[in-house]
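These figures come from a predicted structure and were not determined experimentally.
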Amino acid sequence: MYFLNPKPFKHIKCFYFSLRKSSSFLINDDKYSFLKELGLKEENSGVYDGKWNANGNMTTSVCPANGLPIASVQNGNTEDYDRCVSNALDAWKYWSDIPAPKRGEIVRQIGVALRQKIEPLGKLVSLEMGKILGESIGEVQEYIDVCDYAVGISRMFNGSIFPSERPNHVMLEQWNPLGLVGIISAFNFPVAVYGWNSAISMVCGNSVIWKGAPTTSLTSVATTKIITSVLEKNNIPGAILSLCTGDVDIGVSMVNDKRVNLVSFTGSSSVGQKVGVEVQKRFGRVLLELGGNNAIIVTPNANLEMVSQSVVFACCGTAGQRCTTTRRLILHKSIYNTVLVNLVKAYSNVLKRLGDPLDENTLYGPMHSLTAIDNFKQTVSEAIEAGGQVEFGGKVINRSGYFVEPTIISGLKYDSPVVCRETFAPIVYVLKYDTLEEAISWNNSVDQGLASSIFTNDIGTVFKWIGPKGSDCGIVNVNIPTNGAEIGGAFGGEKHTGGGRESGSDSWKQYMRRSTITLNHGSGLTLAQGIKFE
């Protein structure tokens, strides 16, 4: 009779469904045991400021390769964010007093810790973001490489000494940390972009607060757990590298917060413009890494075998979801048909290796979300309505997960609205040009100015391309794809790409403030420009 009582029966049924939901998480599948190697659980706190403590809503991360839930993260709310900032600022007082080479040693150890977890963390990126395993492990390696680079920088912050026109005076230049750096990163590089910013920022003497993309929160949590092991071992305040996952409200709080000296934002040009305006309103600093509508130009004397290899990676790598993905292929009329035929054949081979990004044989993985699928379908339809011809692909693939065919579209003008707009999907528009000047002008005709490349064996063409009347992008390549940048150079672009620079070269200067110092070591007062005020 007891089991006919609706109250206990209802309780048992709810428990059953709760258990079924819990057991459906991929983290409980032995195939994904690497998740627990990273310290992840079914439910994870998404806020860290020395302690793990989140009080916001719970979100479930979904695998784009099969649409199944991986695990959940409890986000931060605005109170959690405020606490993180306060603790990060307190921690900065300690961190900024540590000599830069000693800070570099901590970053070196973070690189070592990442090396020890490179495979499980790379697998998590594949599982949660969707890029193939080789690319995911390469992304973690990028963070490791930046750590190595930052260690060297920690002993090389070079100021300057200038001659003074006044006797017994010397002029110096000193670089000091900004204070607190806020990092808002995107889903497509959930580890590397944070690494570029945090490693360099740390050796510069700043503390950091990080908001990763909501759809890759597990990667944010796992990366932070690796880092905290190093901080705890060295008795460094954990709030130096704070994490606050969350929705738009957390990002808005960071953008409007006067306590955050620099906001580094990676995302779309439309959102980035709003971020830049809001940060400027409070006279804060902003580092914008935004969209790219990248082009490859192929000249008549190019190595066409190299072109085919490069274009396939440039267009299909990460399923077209890199900011440096090639979206426009500008071909000279004399080799247009040859390149197009070769490209269609290469795409056919890529499609044969579509599948689970964790499978080492997979070359082409899923889109990241259903929203990305919708954008893909809408863009292909718009291109066809504008007169474009689908040479390959163009369809959503009928299988579990978020897969689309890599797509080649011809027949559109260089200034067609759909060609001029960045679509974060594996779609490339093939254009036919007559003269080099025409091709360069088409490259420069779009709003964005991130990455560009030309394939040529003519030295004069190379120097025209990299000169003042050549490409107007921040990344100007020759005989390599538009994507796959190394960490040693400054990464970033011009125009609607935002103008920010991350990673190598002198990008460290964006995380510091510069002081010009004039020191009088004599016994008299001399004014500049010969002014007498007596």
Can you list, pair by pair, the side-chain donor-acceptor contacts under 3.5 Å of residues 194-204, counting residues two or more places apart and other chains?
residue: W196; atom: NE1; partner: E142; partner atom: OE2; Å: 3.0
residue: N197; atom: OD1; partner: S264; partner atom: OG; Å: 2.8
residue: N197; atom: OD1; partner: Y511; partner atom: OH; Å: 2.8
residue: N197; atom: ND2; partner: V193; partner atom: O; Å: 2.8
residue: N197; atom: ND2; partner: E502; partner atom: OE2; Å: 3.0
residue: S198; atom: OG; partner: Y143; partner atom: OH; Å: 3.3
residue: S198; atom: OG; partner: Y194; partner atom: O; Å: 2.8
residue: S201; atom: OG; partner: N206; partner atom: ND2; Å: 3.3

Can you confirm whether R353 sits close enough to T362 that some side-chain heavy atom of one is under 4.5 Å from a side-chain heavy atom of the other?
no

Under the ring pair (Phe, Tyr, Trp, His ring centres under 6.0 Å) test, which residues partner Y149, sequence neighbours left out?
none

Matching residue for Y347 among Y364, F313, F392 - test: ring pair (Phe, Tyr, Trp, His ring centres under 6.0 Å)
F392

Looking at D148 and R108, does any basic side-chain N land under 4.0 Å from a carboxylate oxygen?
no

Which pair of non-hydrogen atoms, one from A302 and one from T456, has the smallest distance, and what is that distance?
CB-N, 4.2 Å

Decide yes or no for L287 and V263: does some side-chain heavy atom of the first lie under 4.5 Å from some side-chain heavy atom of the second?
no

Quick one: does any side-chain atom of S369 pair with a main-chain N or O of A372 as donor and acceptor, under 3.5 Å?
yes

Please name the pair of heavy atoms, one in N294 and one in T325, separated by the smallest distance, quoted to 0.1 Å.
ND2-O, 2.8 Å

Around atom NZ of K274, are there more than 12 heavy atoms from other residues, nucleotides or ligands closer than 6.0 Å?
no

So K281 and E278, do their side chains get closer than 4.5 Å, heavy atoms only?
yes

What closest approach, in Å, do S410 and Y336 show between heavy atoms, and which atom pair accounts for it?
CB-OH, 3.4 Å

Can you list the residues that meet the ring pair (Phe, Tyr, Trp, His ring centres under 6.0 Å) rule with Y429, with sequence neighbours excluded?
none

Looking at E165, I want to see if its CD is surrounded by more than 12 non-hydrogen atoms of other residues, nucleotides or ligands under 6.0 Å.
yes

Could you walk me through whether K131 and E139 pass the salt bridge (Lys or Arg N to Asp or Glu O under 4.0 Å) check?
CA-CA 10 Å; K131 65 178 65 174; E139 179 176 347; 2.7 Å; yes

Do the side-chain N and O atoms of T318 and E135 include a donor-acceptor pair separated by under 3.5 angstrom?
yes

Would you say the side chains of Q141 and D145 form a donor-acceptor pair under 3.5 Å?
yes

Establish, from distance only, whether the side-chain atoms of T219 and E128 form a donor-acceptor pair under 3.5 Å.
yes

Taking side chain as C-beta onward, heavy atoms only, is L343 less than 4.5 Å from L329?
yes

Taking side chain as C-beta onward, heavy atoms only, is E422 less than 4.5 Å from R327?
yes

For S154, is there any backbone N or O sitting under 3.5 Å from a side-chain donor or acceptor partner on R103?
no

d(I409 CD1, T407 OG1) to nearest 0.5 Å is 6.0 Å

Partner residues of D249 under the salt bridge (Lys or Arg N to Asp or Glu O under 4.0 Å) criterion, sequence neighbours left out:
none

Considering non-hydrogen atoms only, spot the tightest contact between I250 and T245 and give its length.
CG1-O, 4.1 Å

Are Y433 and H332 an aromatic pair, judged by ring center distance below 6.0 Å?
yes

Who pairs with H496 by ring pair (Phe, Tyr, Trp, His ring centres under 6.0 Å), at least two apart in sequence or on another chain?
none

Does this structure show an ion pair linking D415 with K413, if we count only N-O contacts that are shorter than 4.0 Å?
no

My understanding is that only residues two or more places apart in sequence, or in another chain, count here; which of them pass salt bridge (Lys or Arg N to Asp or Glu O under 4.0 Å) with R328?
none

Enclosure of E173 CD (heavy-atom neighbours >12, cutoff 6.0 Å)
yes

Looking at residues at least two apart in the chain, or sitting in another chain, which of them share a ring pair (Phe, Tyr, Trp, His ring centres under 6.0 Å) with F157?
W508

May I ask you to test the I118-L114 pair for a side-chain heavy-atom distance under 4.5 Å?
no

For R285 and M512, indicate whether the former's side chain and the latter's backbone hold a donor-acceptor pair under 3.5 Å.
yes

If I compare all heavy atoms of I209 with all of C244, which pair ends up nearest, and what's the gap?
CD1-CB, 4.5 Å

Can any side-chain N or O of S217 pair as donor or acceptor with the backbone N or O of P214 at less than 3.5 Å?
yes

Can you give me the closest heavy-atom contact between P300 and S334, atom names plus distance?
CB-OG, 3.7 Å

Go through V255 and V252 one step at a time and tell me if the side chain to side chain contact (heavy atoms under 4.5 Å, CB included) criterion holds.
CA-CA 5 Å; V255 167; V252 170; 5.7 Å; no

Sequence neighbours excluded, the answer for salt bridge (Lys or Arg N to Asp or Glu O under 4.0 Å) partners of D472 is K495

Do R421 and E382 pass the salt bridge (Lys or Arg N to Asp or Glu O under 4.0 Å) test, and can you show the C-alpha distance, the side-chain angles, and the key distance before you say yes or no?
CA-CA 11 Å; R421 186 182 68 244; E382 184 180 342; 2.9 Å; yes

Would you check if the side chain of N443 reaches a backbone N or O of S471 as a donor-acceptor pair within less than 3.5 Å?
no

Show me the donor-acceptor pairs within less than 3.5 Å that the side chains of residues 175-190 make with the rest of the protein, sequence neighbours left out.
residue: S185; atom: OG; partner: W210; partner atom: NE1; Å: 2.9
residue: N188; atom: ND2; partner: Q321; partner atom: O; Å: 3.0

Side-chain (S308) to main-chain (L304) donor-acceptor, under 3.5 angstrom
yes

Residue list, salt bridge (Lys or Arg N to Asp or Glu O under 4.0 Å) with R155, at least two apart or on another chain:
none

So H368 and T215, side chain to side chain donor-acceptor pair (under 3.5 Å) or not? Walk me through it.
CA-CA 9 Å; H368 182 62; T215 53; 2.8 Å; yes

State plainly whether the residues E438 and K333 are in salt-bridge range, i.e. N to O under 4.0 Å.
no

Among pairs that include at least one residue of residues 440-474, which meet ring pair (Phe, Tyr, Trp, His ring centres under 6.0 Å), considering only residues two or more places apart or in two chains?
Y414-W442

Checking S507 side chain against G504 main chain: does a donor-acceptor pair fall under 3.5 Å?
yes

Determine the sole option in N479, L436, N477, V298 for which the side-chain contact (heavy atoms from CB on, under 4.5 Å) test with I454 is passed.
L436

Would L450 and I475 satisfy side chain to side chain contact (heavy atoms under 4.5 Å, CB included), going step by step from the backbone distance to the final call?
CA-CA 6 Å; L450 179 52; I475 297 171; 4.2 Å; yes

Would you mind listing every salt bridge (Lys or Arg N to Asp or Glu O under 4.0 Å) that reaches into residues 440-465, with sequence neighbours excluded?
E437-K464

For residues S268 and S270, is any side-chain donor paired with an opposing acceptor at under 3.5 Å?
yes

